Amino acid sequence: MRALAIAGVLALAACAAKQAGYPTGTLPLRNPTAPLGGSARFDPGRFSGDWVTRACMGPCVPSVSFTQSLTGAVSESDARGSRAYLPDAPGVLRATAGDDVLVVMWVDEGFRTAAVGLADGSRAAIIDRSLTGGADRIAAAREILDFNGWDVSQLRGVAQ
């Protein structure tokens with residue numbers, strides 16, 4: 001009887017995943033019904049520079065760099081290439097080409113650690129200015145991802 005109940009739950013989960021647009025057997029990285037908000041603290045100038053990925057979900061890269069142009073556009077450069085964004089709201093950057101919306105959900109006061117992710121739920125990361133240290137900031141970024149609907153159980157480290 002217990003096996004039958006477990007089988008029923010798994011079948012329902014598979015149906016829910018398929019209905020939500022996810023292939024059978026996969027789970028989303030983010031609950032699409034959860035609110036997602038950008039940080040009012042976000043400042044493109046202070047955010048500019050080099051970051052290392054301390055933890056991520058979805059496609060990951062070991063490091064990323066952000067720059068701000070004189071026109072206010074923000075460029076994200078990493079091993080995948082470069083993408084340009086325009087600020088759309090505090091902490092919300094809309095791609096100039098394509099539909100990507102990068103959300104900076106949180107950045108600490110010193111702009112040393114941040115929680116970022118794409119609004120479509122395809123990737124998220126905890127990025128930091130340093131490879132080590134700041135355990136309290138990393139924990140805070142993890143909590144922010146969780147608060148914004150991300151499945152933090154899927155966070156993983158990145159080989160540097």
Side-chain angles (χ1 to χ4, degrees), residues 13-14 16-44 46-69 72-108 111-132 134-135 137-160:
K18 191 169 187 173
Q19 287 175 349
Y22 299 100
T24 303
T26 64
L27 295 175
L29 299 175
R30 184 178 175 281
N31 176 352
T33 64
L36 178 65
S39 172
R41 181 182 288 154
F42 180 74
D43 175 322
R46 291 188 69 196
F47 201 74
S48 293
D50 297 330
W51 298 81
V52 294
T53 304
R54 298 282 294 271
C56 61
M57 56 185 98
C60 299
V61 292
S63 62
V64 62
S65 181
F66 290 92
T67 56
Q68 180 186 23
S69 73
V74 175
S75 293
E76 176 188 34
S77 301
D78 57 33
R80 295 174 292 227
S82 289
R83 291 153 303 284
Y85 299 94
L86 290 173
D88 193 40
V92 178
L93 304 168
R94 188 167 301 281
T96 59
D99 297 328
D100 284 348
V101 176
L102 180 66
V103 181
V104 179
M105 294 162 268
W106 178 80
V107 63
D108 79 297
F111 280 74
R112 298 165 294 176
T113 306
V116 300
L118 289 181
D120 69 4
S122 62
R123 69 176 165 99
I126 297 171
I127 57 176
D128 196 88
R129 300 289 186 172
S130 176
L131 280 170
T132 60
R137 297 188 316 270
I138 301 300
R142 183 183 178 94
E143 288 178 19
I144 292 297
L145 287 172
D146 183 50
F147 179 80
N148 280 274
W150 294 91
D151 179 1
V152 295
S153 72
Q154 296 189 56
L155 278 171
R156 64 188 187 281
V158 180
Q160 297 295 326

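Here the structure is a predicted model, which is why all the values come from computation and not from measurement.
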Q) Taking everything shown except F147 itself, do over 12 heavy atoms lie less than 6.0 Å from its CZ? A) no

Q: Would you indicate whether the side-chain heavy atoms of L86 and R94 approach each other to under 4.5 Å?
A: no

Q) Distance-only, no hydrogens or angles: does the N148 side chain make a donor-acceptor pair with backbone N or O of I144 under 3.5 Å? A) yes

Q: Would you sort out whether V116 and W51 count as a side chain to side chain contact (heavy atoms under 4.5 Å, CB included), showing the intermediate values?
A: CA-CA 12 Å; V116 300; W51 298 81; over 6 Å; no

(Q) Would you say that V104 contacts F47 through its side chain, given a criterion of any heavy-atom pair below 4.5 Å between the two side chains? (A) yes

Q: For residues S48 and Q68, report the shortest heavy-atom separation together with the two atoms involved.
A: OG-N, 3.4 Å

Q: Would you please name every residue forming a side-chain contact (heavy atoms from CB on, under 4.5 Å) with I138, sequence neighbours left out?
A: R54, T113, I126, D128

Q: Rounded to the nearest 0.5 Å, what's the gap from CZ on F66 to CG on L93? Could you check?
A: 8.0 Å

Q. To the nearest 0.5 Å, how far apart are OG in S130 and CG in D50?
A. 12.5 Å

Q. Of all heavy-atom pairs between R156 and C60, which one has the smallest distance, and what is that distance?
A. NH2-SG, 3.3 Å

Q: Measure across A119 and L36 and return the closest heavy-atom pair with its distance rounded to 0.1 Å.
A: CA-CD2, 3.6 Å

**Q.** Over all atoms of both residues, closest heavy-atom pair of A125 and T53
**A.** CB-CG2, 4.1 Å

Q) Which heavy-atom pair separates S77 from S82 by the least distance, and what is that distance? A) OG-OG, 2.8 Å

Q) Does P28 offer a backbone N or O that forms a donor-acceptor pair with the side chain of Q154 under 3.5 Å? A) yes

Q. Is a salt bridge present between D78 and R83, judged by a nitrogen-to-oxygen distance below 4.0 Å?
A. yes

(Q) Quick check: closest heavy atoms across W150 and G117, and the distance to 0.1 Å? (A) CZ2-CA, 4.1 Å

Would you list the atom pairs, donor with acceptor, under 3.5 Å between side chains in residues 95-103 and any protein atom, with sequence neighbours excluded?
unit_1, atom_1, unit_2, atom_2, d
T96, OG1, A84, O, 3.4

Q: Output the distance between atom CG (D108) and atom CZ (R41), rounded to the nearest 0.5 Å.
A: 7.0 Å

Q) Got a donor-acceptor contact below 3.5 angstrom from the R123 side chain to the P59 backbone? A) no

